[in-house]
Every structure is written in structure tokens, then in C-alpha cells.
Enquirer: 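I have a structure here, written as C-alpha cells, and I will follow up with some questions on it.
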Protein chains: 2
Amino acid sequence: MAATAPLVLLIEDEPQMRRFLRTTLRAHDYQVVEAASAREGLAQAAGRNPEVILLDLGLPDMDGLEVTREIRRVARTPIIVISARGQGHDKVTALDLGADDYLTKPFGASELLARIRVALRHSAFPPGTAPQPVFQAGELRVDLVRRQVFRADEEAHLTPTEYKLLAALIRHAGRVITHRQLLQEVWGSNYADQSHYLRVYMAQLRHKLERDPTRPRLLTTEPGVGYRLREG
Amino acid sequence: MAATAPLVLLIEDEPQMRRFLRTTLRAHDYQVVEAASAREGLAQAAGRNPEVILLDLGLPDMDGLEVTREIRRVARTPIIVISARGQGHDKVTALDLGADDYLTKPFGASELLARIRVALRHSAFPPGTAPQPVFQAGELRVDLVRRQVFRADEEAHLTPTEYKLLAALIRHAGRVITHRQLLQEVWGSNYADQSHYLRVYMAQLRHKLERDPTRPRLLTTEPGVGYRLREG
DNA sequence: AACAATCCTGATAGAATCTTGATGGCGGCA
DNA sequence: TGCCGCCATCAAGATTCTATCAGGATTGTT
């Protein structure tokens with residue numbers, strides 16, 4: 001998919017508000033289609049296939065909640081509802097009808113833009129297709145969701161403590177982690193000065209993960225400071 | 001499908017707020033895990049695999065924004081940020097770091113619940129990707145609709161508890177499930193430390209489903225952590 | 001610059017502890 | 001009576017902890 005500017009559909013009747021939104025969005029490189037009524041909005045939603053829909057609930061020709069329902073009958077384009085009536089039960093109803101977010105007037109441009117980015121992010125990776133968070137460095141591969149560790153395509157079995165230690169190193173991959181910090185994250189703050197634990201377990205990790213445990217390339221020592229997991 | 005109550009992770013230090021949230025969620029049939037600190041929260045997020053995370057930004061031990069970042073390094077579980085500081089730039093930052101929604105205190109229970117439903121809807125599988133009502137792995141086949149289990153085309157009879165256990169394993173197929181999590185899903189949260197139940201029932205499942213129960217290939221043990229059902 | 005004392009790190013191995021799987025009995029219930 | 005869930009016990013195995021030793025780097029002193 002070409003990374004063109006995302007298309008935003010604006011369903012809003014008040015000209016003033018519409019101009020504010022249009023200007024803000026254009027300034028941030030979005031393409032904008034506008035609709036001043038519910039009817040027109042539904043037509044545009046079907047015809048233009050926008051990536052996000054901004055929907056004002058207070059439209060003259062149809063209840064905004066009804067618009068949400070209609071859009072959801074045919075598409076799951078992210079809908080961000082905008083409304084002045086903030087207190088009512090509308091908020092809950094809109095969300096339950098399929099809206100993805102709800103902004104109460106007045107709101108700042110930066111918040112609106114951030115919420116649009118969230119919506120786009122959601123449609124970028126449909127949940128089923130979500131890429132697995134997998135850490136990889138050299139011939140080490142760690143699947144953090146499945147809790148599986150591979151060294152050159154061979155699964156390596158780690159004990160709970162070994163895995164926790166590796167996970168802590170991965171969280172800070174590339175950076176140095178002090179003994180104290182590692183101990184806190186793996187054993188808890190009461191063990192912050194038991195640095196001999198680290199020596200034993202780092203040795204075990206190296207034996208299981210390094211090609212040559214005596215000459216570590218992934219799990220390196222930063223003398224006097226701590227350890228580091230190579231990244232990339 | 002016996003839809004089990006979704007698991008919500010609560011990262012919130014103020015006891016009062018935590019109680020409000022816990023009560024609200026429990027009353028609406030969510031399972032709740034609580035963490036009173038960022039450190040604990042990160043551990044729970046990794047360990048318990050919640051379906052939604054409620055994160056208070058004002059934690060004592062770590063900046064909430066940092067917590068968001070850390071969670072996103074390993075998972076894309078929906079995060080709903082809760083915060084008192086509504087005006088700042090935090091809102092935008094949190095959303096851009098990967099949070100999915102942002103609630104400013106004070107907020108109503110109904111709105112919170114609606115936003116949680118949105119988050120769950122997002123992580124639900126999109127239409128085309130709907131999870132197969134039939135699970136299959138090796139010579140094991142489970143028809144989740146008819147509630148029938150086959151091993152190499154022979155139907156196997158499972159007791160209710162055995163089936164619930166197997167269903168829980170299937171829901172997380174491929175991943176490790178901790179003892180605690182399994183116990184909660186099958187027996188309820190009051191039994192979270194009765195891990196001997198698991199040993200008995202896992203043994204029974206293995207006898208009924210494995211070709212060689214002493215050398216399990218489908219229902220494997222992750223020592224010190226939990227169990228895993230092989231997938232594919 | 002040389003030396004020694006000290007600290008840091010890695011290796012190893014045994015003991016203590018925890019975890020797991022196997023088995024069988026008990027009671028409730030249809 | 002037969003099935004099922006619950007509970008207790010035991011042995012084997014795995015894991016964690018602890019202690020000890022040696023090589024190397026660093027520091028401080030002369």
C-alpha cells in the first residue's frame with residue numbers, strides 16, 4: 001500500500017467547526033472529505049472509503065447514533081465521535097454501537113490528532129494479523145509471547161529464573177544494565193546486592209545461548225557496571 | 001462457546017481508586033488482576049496475558065509513560081490510560097506511545113465500561129479471521145461448538161472439568177499458561193494456588209489425549225511456569 | 001614504574017529446596 | 001453402583017541457592 005496521506009471523512013454541520021477541523025487536518029497532511037449532513041456523510045463513507053471518520057453527533061437530518069449504526073452495517077472504518085453533549089448516555093451508546101472513540105467539545109487539536117493516529121494504528125494491524133513481538137539478535141531468537149527461546153533454530157530450554165533474566169536483558173537490549181537493576185528486576189529489591197547470583201545465571205545463559213560461552217558475543221560484560229545484551 | 005470473563009489488569013497505586021475499579025469491573029463479570037506498582041504491573045502484564053490493561057499514569061515507582069512503552073515492547077494488549085492530569089501533553093504522548101484510550105478523572109463507571117468494550121472489540125478477531133470453531137493439533141481435534149473431542153478420529157470422553165481445562169488451554173494455544181491463570185479460568189480465582197488440581201487433571205487429559213502419556217507431545221510442561229498446548 | 005593488595009568476574013560442584021507426576025482413597029451424587 | 005471431583009502422600013527429578021577457588025583487572029602505594 002502506497003503511503004499516501006490518509007483520507008479523513010468529516011461529518012459535521014456547523015461550518016465553523018468544520019473549518020477548524022479541516023484546517024487542522026490539512027495542516028497535518030491528511031486528505032479531507034467533508035459532509036454537512038448525515039445523508040451526505042453516509043454516501044461519502046460508502047463512496048470514498050475513508051480511513052477514519054470524524055462524526056459529530058448533533059446533525060440536523062438524522063441522529064448521530066443512527067449514523068454510527070448505519071456505517072457499522074457496511075464497514076468497520078474507525079469512527080471518532082465528536083459531541084458537545086458530554087454528560088449524557090450518548091457517549092456509552094455511541095461506543096457500544098461501534099464508535100471507536102469519543103471526544104467532547106471543546107478539545108485540543110493535538111488530542112484530536114493523537115486520537116486519529118490511534119485509530120489509524122488500529123486499522124493498520126488488524127488484531128489477527130498482529131506481528132508477534134519477537135526479539136532477535138544474531139542467532140538468538142526469543143518469542144516473548146509464547147515464551148520460547150531459539151538458538152540457531154534449535155529451541156533452548158530455559159529455567160524460570162534464566163528466562164526472567166533474559167527477558168530483563170531484552171527489555172533493555174543494547175543498553176547496559178547495572179547489577180543492581182538486574183537483580184531487582186529478576187529477584188526483587190531485597191536481593192539488590194547478591195551479585196553472585198548474576199554470575200551463576202549469566203554463565204548458564206551463556207552456556208545455553210552463546211556459540212562459545214567463554215567468548216560471549218551476545219551477553220557481554222561491562223566490567224564494574226553490569227551486563228549488556230547485544231541488539232539487532 | 002463458553003465465553004469466559006475477560007481478564008483486566010489494573011495498574012493503580014491508590015487503594016481507594018483501585019477498589020472502585022475492582023468493584024465496578026467485578027460487578028460486570030470481568031476477571032481482575034491488580035498491581036499496585038509499575039514493576040508489578042509489568043510483571044503481571046507479561047505473566048497473566050490480560051485482555052485489557054487499565055493504567056494509572058501517577059505511579060510511585062516509574063513514570064506511567066515509561067510503563068506504556070515497556071508494555072508495547074512485548075505486547076499489543078489494549079491499554080487504557082487513566083490520569084488526573086488531563087490537560088498536559090501527557091495525553092498525546094501516552095496515545096502516541098501506544099496507549100489505546102485515555103480517561104481523565106473523574107469519569108463515570110459506565111463510560112469506563114464502554115471504553116473497555118471498545119478495547120475488547122478491537123482485539124476481537126475481524127470477521128474473515130474468525131477463530132475456527134474446531135481446534136486441531138496433531139491427532140487431537142476439538143469441536144468447540146459441539147463440545148466433542150477426538151483423538152485420531154476416535155471420540156474421547158472428557159469430564160466437565162477436563163473439558164474446561166482443555167478449552168482454557170486451547171484459548172491460549174501455543175503460549176504458556178501459568179498455573180495460576182489456568183486455575184483461575186477453570187476453577188475460579190479462589191483456587192489460584194491449588195496447583196495440585198492441575199497435576200491430577202493434566203495427567204488425566206494426557207491419558208486420554210496423548211499417544212504416550214509419559215512422553216507428552218501436545219500437553220507439555222513448562223517447568224516452574226505452567227503448561228502449553230502445542231498448536232498446528 | 002613496579003609492586004602488592006584488593007576487587008571483580010567466571011567456573012564448578014554439592015546441598016537444600018521446590019516442582020512435578022503417579023497413585024489411591026474418600027465422599028457426593030445420579 | 002459407577003462416575004466424578006477433591007485431597008493426601010510419596011518418590012524422582014529439576015532448579016535454585018550457596019560456597020569455594022582461580023585468573024585477571026584495577027587501584028593504591030611506594
Enquirer: Taking atom P of dT20(C) as reference, at what distance in whole Å does atom CG of Leu219(B) sit?
Expert: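 Whole-Å distance recorded here is 15 Å.
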Enquirer: Quick one: Leu165(B) CG to dG5(D) P, roughly how many Å, whole number?
Expert: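 To the nearest whole Å, that distance equals 11 Å.
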Enquirer: To the nearest Å, give me how far apart CZ (Arg215(B)) and P (dG21(C)) are.
Expert: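 Those two atoms, CZ and P, are 14 Å apart.
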Enquirer: Of the candidate nucleotides dT15(D), dT9(C), dC4(D), which contains the atom at the shortest distance from the side chain of Pro160(B)?
Expert: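 Closest of the options to the side chain of Pro160(B): dC4(D).
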Enquirer: Where the side chain of Arg206(A) is concerned, which of dG10(C), dT16(D), dC4(D) is the nearest nucleotide?
Expert: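 Between dG10(C), dT16(D), dC4(D), the one nearest the side chain of Arg206(A) would be dG10(C).
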Enquirer: Could you give the side-chain donor-acceptor pairs of residues 217-232 of chain B under 3.5 Å, partners two or more places apart or in another chain?
Expert:
unit_1, atom_1, unit_2, atom_2, d
Thr220(B), OG1, Arg228(B), O, 3.4
Thr221(B), OG1, Arg206(B), NH2, 2.8
Glu222(B), OE2, Arg228(B), NE, 3.3
Glu222(B), OE2, Arg228(B), NH2, 3.3
Arg228(B), NH1, Arg146(A), O, 2.9
Arg228(B), NH1, Gly174(B), O, 2.6
Arg228(B), NH2, Arg146(A), O, 3.1
Arg228(B), NH2, Arg147(A), O, 3.4
Glu231(B), OE2, Arg146(A), NH1, 2.7
Glu231(B), OE2, Arg146(A), NH2, 2.3

Enquirer: Please list residues of residues 180-205 of chain A whose heavy atoms come under 4.0 Å from any atom in DNA chain C, ordered by number; otherwise none.
Expert: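 Contacting residues: Arg199(A), Val200(A), Ala203(A).
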Enquirer: Report the distance from atom CG of Leu9(B) to atom CD of Gln44(B), rounding to the nearest 0.5 Å.
Expert: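 CD of Gln44(B) is found 6.5 Å from CG of Leu9(B).
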Enquirer: Judged by each residue's nearest nucleotide on DNA chain D, which is more toward the 5′ side, Glu162(B) or Thr159(A)?
Expert: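 It is Glu162(B) whose nearest nucleotide is closer to the 5' end.
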Enquirer: Would you say Arg19(B) has more than 12 foreign heavy atoms packed within less than 6.0 Å of its CZ?
Expert: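 Not buried by this count: 12 neighbours or fewer within 6.0 Å.
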Enquirer: Which is true for His157(A) with a 4.0 Å heavy-atom rule: it touches a base, it touches only sugar-phosphate, or it touches nothing?
Expert: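 His157(A): backbone/sugar contact only, no base atoms under 4.0 Å.
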Enquirer: Any Lys/Arg nitrogen of Asp100(B) or Arg76(B) sitting under 4.0 Å from an Asp/Glu carboxylate oxygen of the other?
Expert: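 No, this pair does not count.
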Enquirer: Hey, does the side chain of Thr161(A) come within less than 4.0 Å of dT16(D)'s phosphate (OP1/OP2), counting only N and O?
Expert: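 Indeed, a polar side-chain atom of Thr161(A) lies that close.
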Enquirer: If each of Val225(A) and His207(A) is mapped to the nucleotide of DNA chain C with the nearest heavy atom, which maps nearer the 5' terminus, i.e. the 5' end?
Expert: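 Mapping each residue to its closest nucleotide by heavy atoms, the 5'-most match is Val225(A).
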Enquirer: Taking atom C1' of dA14(D) as reference, at what distance in whole Å does atom NZ of Lys208(A) sit?
Expert: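 Those two atoms, NZ and C1', are 10 Å apart.
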Enquirer: Identify which one of Arg171(B), Lys164(B), Arg180(B) satisfies the side-chain hydrogen bond (donor to acceptor under 3.5 Å, both in side chains) criterion when paired with Glu185(B).
Expert: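 Among Arg171(B), Lys164(B), Arg180(B), the one that satisfies the side-chain hydrogen bond (donor to acceptor under 3.5 Å, both in side chains) with Glu185(B) is Arg171(B).
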Enquirer: Salt bridge or not for Asp56(B) and Lys105(B), using N-O below 4.0 Å?
Expert: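 Salt bridge between Asp56(B) and Lys105(B), a charged N being under 4.0 Å from a carboxylate O: yes.
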Enquirer: For the side chain of Thr221(B), counting heavy atoms from C-beta on, which of dT9(C), dC4(D), dT20(C) is nearest?
Expert: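 Minimum distance to the Thr221(B) side chain belongs to dT20(C).
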Enquirer: Separation of Glu222(A) atom CD from dG24(D) atom C1', in whole Å?
Expert: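 Value for this atom pair: 17 Å.
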Enquirer: Nearest whole Å is fine: how far is dT9(C) P from Tyr227(A) OH?
Expert: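 About 6 Å, once rounded to whole Å.
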Enquirer: Tell me: OH of Tyr163(B) to C1' of dC4(D), nearest whole Å?
Expert: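 Tyr163(B) atom OH is separated from dC4(D) atom C1' by 18 Å.
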Enquirer: Could you tabulate the donor-acceptor pairs under 3.5 Å formed by side-chain atoms of residues 187-203 of chain A, not counting sequence neighbours?
Expert:
unit_1, atom_1, unit_2, atom_2, d
Gln194(A), OE1, His196(A), NE2, 3.3

